[in-house]
2 protein chains.
Amino acid sequence: MARPSTAAETPEPADENYDLAEQVGFIMRQAAQRHVSIFNEIMGSDLTPTQWAVLARLYQDGGSSQNLLGRQTAMDAATIKGVVDRLLKRKLVQTKPDPEDGRRLIVELSPAGIDYTRELLPKAETVTKVTLAPLATNQRATLVALLKQLR
Amino acid sequence: MARPSTAAETPEPADENYDLAEQVGFIMRQAAQRHVSIFNEIMGSDLTPTQWAVLARLYQDGGSSQNLLGRQTAMDAATIKGVVDRLLKRKLVQTKPDPEDGRRLIVELSPAGIDYTRELLPKAETVTKVTLAPLATNQRATLVALLKQLR
DNA sequence: GGAATATCGTTCGTATACGAACGAGGATCA
DNA sequence: TGATCCTCGTTCGTATACGAACGATATTCC
């Protein structure tokens, strides 16, 4: 395509193979942005995708240590701390020390958090449906399978 | 699966269809995280994916107004401003007022930015290759095509 | 011309995301 | 037992990401 307009008309071809708009990373970032946008519309802007991941994980399998919870929801120790702190402030989650390991902090849903999560489950399913809506049914499974290989 | 451990043994089945680990959004977030990790390893931690997106876009098509640049690189006005500011501080980019529109700020690569971008192009291609490495050749095109439909 | 409307860039606040460093607690093994 | 190493949670700093609001400039339409 074009040379940068500030290039003093250097005739060097450089690398014309590279097109930003065709790189997986760039496309994936846009797809993720659309997904988050859909998430916010359906779930309401008072809950973020990462906060929901924590609630859903705790709902499915019960409490766990904070760092383990982070690993299960794809967040590092620093990130999960902030997420848990904000859920604590809203009393959707509660913590207690692990009696078997003085280093660990056990995080679990509060009773209010259980109700809240249960109420949101149908909406969370809708988020996935709407996100995948542009694809044909068989394409949806394909996409998920391919993305799983890229983790 | 399990009920939350803090649930007072409520026998209600709730929604057992929902498994966080199977939701596109969650899987896509993990795939994106791996991609960014690969990006950092190959490109070096002094440049972020979004900063690279700006450099690559300016290299391909020359300068443009800041907000348009943001749209082309999938960032809103607030985000692109921060990215441009940081690139300005490193003198990889330069700005000037648009003579035809007093509201616009034209952003373009500096001469140093042109050289810098050109040198990084091969590495950027490698980032895409490594990201897609787990997939068979024909799967790569499929994934990209499907992701494009989700923008 | 002038009012309504739209766009541009900026700023603020909040929420991921993560590298790096730190102290406290656990596990291993000589 | 004690030294070493690992893990856990915490804090700091930096960089996206984006909604919301703002003033300045353009455009549209009467």
Side-chain angles (χ1 to χ4, degrees), chain A residues 25-26 28-41 43-55 64-90 92 95-107, chain B residues 25-26 28-41 43-55 64-90 92 95-107:
Chain A
F26 184 66
M28 195 159 48
R29 185 159 66 87
Q30 293 179 75
Q33 284 175 356
R34 171 174 166 275
H35 166 73
V36 173
S37 169
I38 290 169
F39 181 98
N40 287 333
E41 271 184 36
M43 302 286 278
S45 57
D46 51 338
L47 196 72
T48 65
T50 42
Q51 289 171 6
W52 169 251
V54 168
L55 296 182
S64 69
S65 79
Q66 184 174 281
N67 276 11
L68 176 58
L69 180 61
R71 270 176 248 126
Q72 293 169 337
T73 52
M75 297 173 226
D76 75 351
T79 302
I80 189 65
K81 198 215 181 301
V83 175
V84 167
D85 280 353
R86 283 180 282 276
L87 292 174
L88 270 174
K89 194 158 50 175
R90 293 177 58 184
L92 295 174
T95 60
K96 61 183 180 190
D98 186 335
E100 293 174 5
D101 190 332
R103 300 167 301 176
R104 290 201 175 104
L105 186 66
I106 292 180
V107 183
Chain B
F26 185 66
M28 195 158 51
R29 187 159 64 87
Q30 293 178 74
Q33 284 175 356
R34 170 173 167 275
H35 166 73
V36 173
S37 168
I38 291 168
F39 181 99
N40 287 333
E41 271 183 36
M43 303 286 277
S45 57
D46 52 337
L47 196 73
T48 65
T50 42
Q51 288 171 7
W52 169 251
V54 168
L55 295 183
S64 69
S65 79
Q66 184 174 280
N67 276 11
L68 176 58
L69 180 61
R71 268 175 250 128
Q72 293 168 338
T73 51
M75 297 173 227
D76 75 351
T79 302
I80 189 66
K81 195 209 181 306
V83 175
V84 167
D85 281 352
R86 284 180 282 275
L87 292 174
L88 271 174
K89 194 158 51 176
R90 292 178 58 185
L92 295 173
T95 61
K96 63 183 180 189
D98 185 336
E100 294 175 5
D101 190 332
R103 300 168 301 176
R104 291 202 173 103
L105 186 67
I106 293 180
V107 183

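This is a predicted model, so every value here is computed, not measured. Side chains included, hydrogens not; waters and symmetry mates left out as well; all remaining heavy atoms used. Proteins come first, then strands; the chains are lettered A, B, ... in the order of their sequence lines, and each starts at number 1.
- The side chain of B/R104 lies closest to C/dG9, out of C/dG25, C/dG9, D/dG9.
- The side chain of B/T50 has D/dT16 as its nearest neighbour among D/dT16, D/dT11, C/dC8.
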Step-by-step side chain to side chain contact (heavy atoms under 4.5 Å, CB included) determination, B/R29 to B/Q33: CA-CA 6 Å; B/R29 187 159 64 87; B/Q33 284 175 356; 3.3 Å; yes
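- The distance between atom CZ of B/R29 and atom C1' of C/dA15, rounded to the nearest whole Å, is 12 Å.
- At whole-Å resolution of the value, CZ in B/F26 and P in C/dA17 are 10 Å apart.
- Counting heavy atoms from C-beta on, the side chains of A/M28 and B/V36 never come closer than 4.5 Å.
- Here the side chains of A/L92 and A/Q51 are not in contact, with every heavy-atom distance at 4.5 Å or above.
- Phosphate contact (OP1/OP2 of D/dT16, side-chain N/O of A/Q33, threshold under 4.0 Å): absent.
- Between A/M75 and A/D101, the one whose closest nucleotide on DNA chain C sits nearer the 5' end is A/M75.
- Residue A/A78 has its side chain nearest to D/dT11 when only D/dA17, D/dT11, C/dA17 are considered.
- Relative to the side chain of B/T79, the nucleotides D/dC8, C/dT16, D/dA17 differ in distance, and D/dA17 lies closest.
- Checking D/dT11, D/dA26, D/dT7 against the side-chain heavy atoms of A/K81 singles out D/dT11 as nearest.
- Candidate nucleotides D/dA24, C/dC18, C/dT16 were compared by shortest atom distance to the side chain of A/V83, and C/dT16 ranks first.
- For the pair A/D85 CG and D/dC12 P, the interatomic distance rounds to 13 Å; values are reported in whole Å.
- For A/L88 and D/dT10, the CG to C1' distance is 14 Å, given to the nearest whole Å.
- Two residues are said to be in side-chain contact when any heavy atoms from C-beta on lie closer than 4.5 Å; A/Q66 and A/T95 fail this criterion.
- Not one side-chain nitrogen or oxygen of B/R90 sits closer than 4.0 Å to the OP1 or OP2 atom of D/dA15.
- Across C/dC18, C/dA15, D/dG19, the shortest atom-to-atom separation from the side chain of A/R86 is found for C/dA15.
- Which of D/dC18, D/dA17, C/dG25 sits closest to the side chain of B/D76 comes down to D/dC18.
- Side-chain contact check for A/L87 versus A/V54: some heavy-atom pair is nearer than 4.5 Å.
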Show your reasoning for whether side chain to side chain contact (heavy atoms under 4.5 Å, CB included) applies to B/R86 and B/T48. CA-CA 11 Å; B/R86 284 180 282 275; B/T48 65; over 6 Å; no
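- Mapping A/V36 and B/K89 onto DNA chain D by nearest heavy atom places B/K89 closer to the 5' end of the strand.
- What separates CH2 of A/W52 from P of C/dA15 is a distance of 18 Å, to the nearest Å.
- When distances are taken from the side chain of A/Q66 to each of C/dT10, D/dC18, D/dT10, the shortest belongs to D/dT10.
- Here D/dG19 presents its C1' atom at 14 Å from CG of A/D46, a figure rounded to the nearest Å.
- Listed pair B/R103 / D/dT27 fails the phosphate criterion, with no side-chain N or O lying under 4.0 Å from OP1 or OP2.
- In this structure, B/Q72 atom CD and C/dC8 atom P are separated by 12 Å, rounded to whole Å.
- The side chain of B/S65 places no N or O atom within less than 4.0 Å of a non-bridging phosphate oxygen (OP1 or OP2) of C/dC8.
- Remark: A/R71 is in phosphate contact with D/dC8, judged by side-chain N or O atoms under 4.0 Å from OP1 or OP2.
- Nearer to the 5' terminus of DNA chain C, by closest-nucleotide assignment, is the contact made by B/L105 (compared with the other of B/L105 and A/A74).
- As a whole-Å value, the separation of A/N67 CG from C/dA24 P is 18 Å.
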